[in-house]
Amino acid sequence: MKGRSMKKAITLLSMLVIVLTVGSAFTAETSVKGTIYTTWMMNKTDGFDNYNVFTIDRAYFGAESKLSDYTNLRITFDIRPEKFSTSETKVVDNSGDTVKIPAMTAYSGYPIILKYAYADWKVKPMDKYFKIRFGLQPTMYLNYMDGIWNRRYIEKNIGDLNGWLSTADLGLSFNFTLGPQGSLGEAGLSTLNGTKYSDYVDKNKNKDINLYGKLLPFYNNGDFNQVALFAQFYTGTQNKTFDADIKAADWKKQIISVGSKLAYQKVADLCFDLNYQTLGQGANKEDLKQSGLSFWGDLYLNALVPSQSLFRTLVLFGRADIYDPNTIVDKDGNTLLIAGIECAPIKGVKASLDIRNKNYQAEGTKDEKYLYLNTEFKF
């Protein structure tokens, strides 16, 4: 009970601080923004009898304020369902084999969590090329991947989906733009607590280091100016409590990621996101090594059909995730396939219909099948 009371107190205090901050920020150049993700899902997995449910997956609300030509603030709340899973069910199918039916997800409320609360300072006389960011801020590689996937309302990117990194963390960053006005890309260095914005308690003194960058090699080419390359190197310590007999090096956390967007005009694109993670398992134990590859493509019909066509607001998309939670163990991975159609009739509104299959390598685990209708509303 004490833990729940403390969470409520922290939430109320955060809301009070943000209300006061936003109130004072309105004297500056300030914009208020919000986003809502809604979903209807039908579970087509054998044994679920077409179970279906409506949910609100996320609601974001916040403000961005330009206090001066050199200082900007951002504050964002994340309002999301508090989820828990029921136990997996073991059943005997018609062939006599015992199989696992995936756990179902249940919801118990919509807590409010502070996701972003940071300030950017452009440093004179290098204000066109260099800025410092301090506070609860985006982890940049995940931010890049969300930007090119551009469908977080449908599903998270593979690194976030499998819990490798949080999309926001407390820390200090140094960001550098490349080329005139950042047209060639950017690079940066962050030192972070290594926690999650939803579980912000830092359990040890060690800090994580994150190197990241984005390159736009053909920014001045009209046909290929959306082509982009991304990379990150993340190294640090898992968020565990250490006593005098435990070495932080035995619980290391290291991620290497590369990604790319290959695009021709605004007609079609093909993207990928490749990640390798190494996690220490304690003294004298072999490290856990994981891999995750995600690739997706888009075909934009507005460039292929007449300007008056009803189909010009449609996009065909597909995505495949190949995830291996332990590269040493055979047949423990899974593959997620998503294929669908998206409609963006007006600015700030998106809707998509897609089918999903999640296939497991392990014997005796039933593949999952779903039908999804997702929407995104922004203001």
Side-chain angles (χ1 to χ4, degrees), residues 33-42 44 52 54-60 142-158 160-161 183-185 214-230 259-274 293-322 335-359 369-379:
K33 298 181 179 181
T35 305
I36 300 173
Y37 299 163
T38 64
T39 296
W40 173 78
M41 178 276 291
M42 177 179 287
K44 304 290 290 182
N52 65 95
F54 293 95
T55 59
I56 296 177
D57 294 332
R58 276 296 199 277
Y60 296 107
L142 294 188
N143 194 53
Y144 294 150
M145 292 304 102
D146 277 345
I148 61 172
W149 164 233
N150 200 28
R151 294 186 180 92
R152 188 175 176 80
Y153 76 102
I154 294 176
E155 189 53 273
K156 301 174 182 177
N157 63 66
I158 191 170
D160 187 17
L161 179 61
S183 55
L184 188 57
K214 173 178 71 174
L215 183 64
L216 306 171
F218 309 117
Y219 70 90
N220 57 355
N221 185 307
D223 291 333
F224 299 101
N225 58 7
Q226 295 184 71
V227 172
L229 306 172
F230 309 90
S260 177
K261 177 179 180 178
L262 306 176
Y264 176 72
Q265 296 181 353
K266 293 186 178 180
V267 177
D269 57 52
L270 179 63
C271 310
F272 77 87
D273 176 14
L274 177 62
L293 169 63
S294 180
F295 55 92
W296 61 93
D298 305 294
L299 181 64
Y300 301 89
L301 298 189
N302 66 336
L304 303 174
V305 300
S307 59
Q308 301 303 317
S309 172
L310 295 176
F311 299 106
R312 66 185 308 272
T313 62
L314 301 181
V315 182
L316 304 179
F317 67 90
R319 169 175 158 178
D321 289 3
I322 303 171
T335 302
L336 173 65
L337 302 175
I338 304 174
I341 185 168
E342 179 183 66
C343 177
I346 59 174
K347 184 179 180 180
V349 177
K350 289 183 182 179
S352 70
L353 182 68
D354 69 78
I355 56 174
R356 307 184 195 190
N357 286 304
K358 192 170 186 180
N359 306 312
K369 301 176 182 179
Y370 303 93
L371 176 66
Y372 270 84
L373 173 65
N374 299 89
T375 63
E376 177 188 72
F377 300 95
K378 288 186 174 182
F379 61 88

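Sequence positions, counted from 1, serve as the residue numbers for this chain.
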request  = To the nearest 0.5 Å, tell me how far Trp149 CH2 sits from Trp296 CH2.
outcome  = 7.5 Å
key: Qualifying residues under side-chain hydrogen bond (donor to acceptor under 3.5 Å, both in side chains), relative to Lys369, sequence neighbours excluded   = none
query = Do you know which two heavy atoms are closest between Arg319 and Ser294, and how far apart they sit?
reply = NE-OG, 3.6 Å
task = Measure across Asp160 and Leu142 and return the closest heavy-atom pair with its distance rounded to 0.1 Å.
result = N-CD2, 4.1 Å
In a table with atom names and distances, give each donor-acceptor pair under 3.5 Å that connects a side chain of residues 337-354 to protein atoms at least two apart or in another chain.
| unit_1 | atom_1 | unit_2 | atom_2 | d |
| --- | --- | --- | --- | --- |
| Glu342 | OE1 | Arg151 | NE | 3.4 |
| Glu342 | OE1 | Arg151 | NH2 | 3.3 |
| Glu342 | OE2 | Arg151 | NE | 3.2 |
| Glu342 | OE2 | Tyr153 | OH | 2.7 |
| Lys350 | NZ | Asn150 | O | 3.1 |
| Asp354 | OD1 | Arg356 | NE | 2.8 |

ask   = Would a 4.5 Å heavy-atom cut-off, applied to side chains only, mark Arg152 and Tyr37 as touching?
value = yes
message = A side-chain contact here means heavy atoms from C-beta on lying under 4.5 Å apart; do Arg58 and Thr35 qualify?
response = no
Shortest non-hydrogen contact from Ser260 toward Leu229 = OG-CD2, 3.5 Å
message = Tell me whether Ile355 at atom CD1 has more than 12 heavy atoms from other residues, nucleotides or ligands lying less than 6.0 Å away.
response = no
note = Rounded to the nearest 0.5 Å, the CG atom of Leu216 sits from the CZ atom of Phe230 at a distance of 7.0 Å
Minimal non-hydrogen separation, Leu304 against Tyr300, with atom names = CG-O, 3.9 Å
remark   = The reported gap from OG1 in Thr38 to CZ in Phe377 (rounded to nearest 0.5 angstrom) is 5.5 Å
message = I'd like to know if the side chain of Gln265 reaches the main chain of Gly222, judged simply by a donor and an acceptor atom lying under 3.5 Å from each other, with no hydrogens or angles considered.
response = no
request  = Please tell me if the side chains of Leu184 and Leu215 come closer than 4.5 Å, counting only heavy atoms from C-beta onward.
outcome  = yes
inquiry  = Please determine whether the number of non-hydrogen atoms from other residues, nucleotides or ligands lying under 6.0 Å from atom CG of Leu270 exceeds 12.
reply    = yes
message = As an exercise, state the distance from CH2 of Trp40 to CG of Asn374, rounded to the nearest 0.5 Å.
response = 11.0 Å
query = At what distance, to the nearest 0.5 angstrom, does OG1 of Thr39 lie from CZ of Phe54?
reply = 10.5 Å
ask   = Are the side chains of Asp269 and Ile148 in touch, meaning some heavy atoms are under 4.5 Å apart?
value = no
Reported CG-to-CG distance for the pair Leu336 and Asp321, which is rounded to 0.5 angstrom = 5.0 Å
